Amino acid sequence: GQQLNQSPQSMFIQEGEDVSMNCTSSSIFNTWLWYKQEPGEGPVLLIALYKAGELTSNGRLTAQFGITRKDSFLNISASIPSDVGIYFCAGRFGNEKLTFGTGTRLTIIP
Amino acid sequence: NAGVMQNPRHLVRRRGQEARLRCSPMKGHSHVYWYRQLPEEGLKFMVYLQKENIIDESGMPKERFSAEFPKEGPSILRIQQVVRGDSAAYFCASSPQGGDYNEQFFGPGTRLTVL
């Protein structure tokens with residue numbers, strides 16, 4: 001089946017720093033989604049990407065759909081304490097089910 | 001506009017008992033998806049349902065697990081004769097359409113603990 005490799009697995013950064021994470025797939029997708037999950041809660045959709053090369057922003061978050069259609073990137077600028085959580089990528093091809101990455105755990109060092 | 005509702009939020013069962021997890025999709029959503037999340041792992045797809053239909057159950061274990069989404073009422077994920085390995089967080093998501101509409105909205109999850 002499809003596999004999504006998400007990296008890094010965890011990040012420890014200082015408040016104010018920028019964050020970059022990425023997701024790579026063993027096969028092509030035509031949809032990439034980025035979710036954030038906080039402790040004890042379900043994932044919340046941050047950004048949806050539908051076209052290769054697409055670059056989409058949501059406040060301080062920017063995500064890109066890789067031109068190979070096998071990867072996606074999420075950047076967070078000027079991190080703040082409430083950015084703490086686990087960030088998941090998810091991909092989908094056609095009508096197939098969503099496949100989730102293993103998550104990037106973000107910790108903000110005060 | 002209420003989001004996806006799941007109950008109970010926490011469920012404790014002894015081995016061999018049955019667990020019933022409920023999911024009410026967002027208003028206007030007719031498609032429901034169930035996922036399982038083990039500690040420190042991502043979400044694993046289990047089943048995709050529309051009203052009165054199972055569309056894709058490729059992620060469901062062959063035994064003890066079943067799901068339904070009746071014409072009226074919430075979607076139910078049922079686990080019979082639970083074992084310790086069933087302990088996990090179970091998330092439900094809904095979308096207004098399947099197919100081309102990809103964005104799924106998640107509920108807060110049910111955390112199942114099997115003693």
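Chain A is the first sequence line, chain B the second, and so forth, proteins listed ahead of strands; every chain is numbered from 1. This one's a predicted model, so the numbers in the text were calculated from it and none came from an experiment.
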Participant: Hey, quick one: are V32(B) and F45(B) part of the same hydrophobic cluster, counting side-chain heavy atoms closer than 4.5 Å, chains of contacts allowed?
Facilitator: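 V32(B) does not cluster with F45(B).
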
Participant: Which atoms of Q37(B) come close to chain A, meaning under 4.5 Å heavy atom to heavy atom: side chain ones, backbone ones, both, or neither?
Facilitator: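 Contact with chain A involves the side chain of Q37(B) alone.
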
Participant: With clusters defined by side-chain heavy atoms of hydrophobic residues (ILVMFWY) lying less than 4.5 Å apart, directly or transitively, does L61(A) cluster with V19(A)?
Facilitator: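 Yes: a chain of side-chain contacts under 4.5 Å links V19(A) to L61(A).
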
Participant: How about CD on Q9(A), more than 12 heavy atoms from neighbouring residues, nucleotides or ligands closer than 6.0 Å, or not?
Facilitator: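 Count not over threshold, so no.
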
Participant: Rounded to the nearest 0.5 Å, what separates atom CD in Q104(B) from atom CG in L33(A)?
Facilitator: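 So the CD of Q104(B) and the CG of L33(A) are separated by 8.0 Å.
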
Participant: Treat each ILVMFWY residue as a node, draw an edge where side-chain heavy atoms are under 4.5 Å apart, and state whether L49(B) and L77(B) are in one component.
Facilitator: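 As far as the 4.5 Å side-chain criterion goes, L77(B) and L49(B) are connected within one cluster.
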
Participant: For Q37(A), which atoms come within 4.5 Å of any heavy atom of chain B: side chain, backbone, both, or neither?
Facilitator: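 Q37(A) touches chain B through side-chain heavy atoms alone.
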
Participant: Given P43(A), which of F105(B), Y35(B), F91(B) fulfils the side-chain contact (heavy atoms from CB on, under 4.5 Å) condition?
Facilitator: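 Among F105(B), Y35(B), F91(B), the one that satisfies the side-chain contact (heavy atoms from CB on, under 4.5 Å) with P43(A) is F91(B).
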
Participant: I'd like to know whether F106(B) forms a side-chain contact (heavy atoms from CB on, under 4.5 Å) with Y35(A), so could you lay out the CA-CA distance, the side-chain angles of the two residues, the decisive distance to 0.1 Å, and finally the verdict.
Facilitator: CA-CA 10 Å; F106(B) 283 82; Y35(A) 288 87; 3.6 Å; yes

Participant: Of the non-hydrogen atoms in L43(B) and F100(A), which two are nearest, and what is the gap between them?
Facilitator: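 So the minimum-distance heavy-atom pair works out to O-CB, 3.5 Å.
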
Participant: Tell me, out of R111(B), R9(B), E41(B), who's got the most heavy-atom pairs with chain A below 4.5 Å.
Facilitator: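 The residue among R111(B), R9(B), E41(B) with the greatest pair count is R111(B).
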
Participant: Are Y90(B) and V82(B) linked, directly or through intermediate hydrophobic residues, by side-chain heavy-atom contacts shorter than 4.5 Å (ILVMFWY only)?
Facilitator: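 Yes, V82(B) connects to Y90(B) through the hydrophobic network.
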
Participant: Test of understanding: clusters of I, L, V, M, F, W, Y form through side-chain heavy atoms closer than 4.5 Å, transitively. Do W34(B) and I76(B) belong to the same one?
Facilitator: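 No, no single cluster joins them.
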
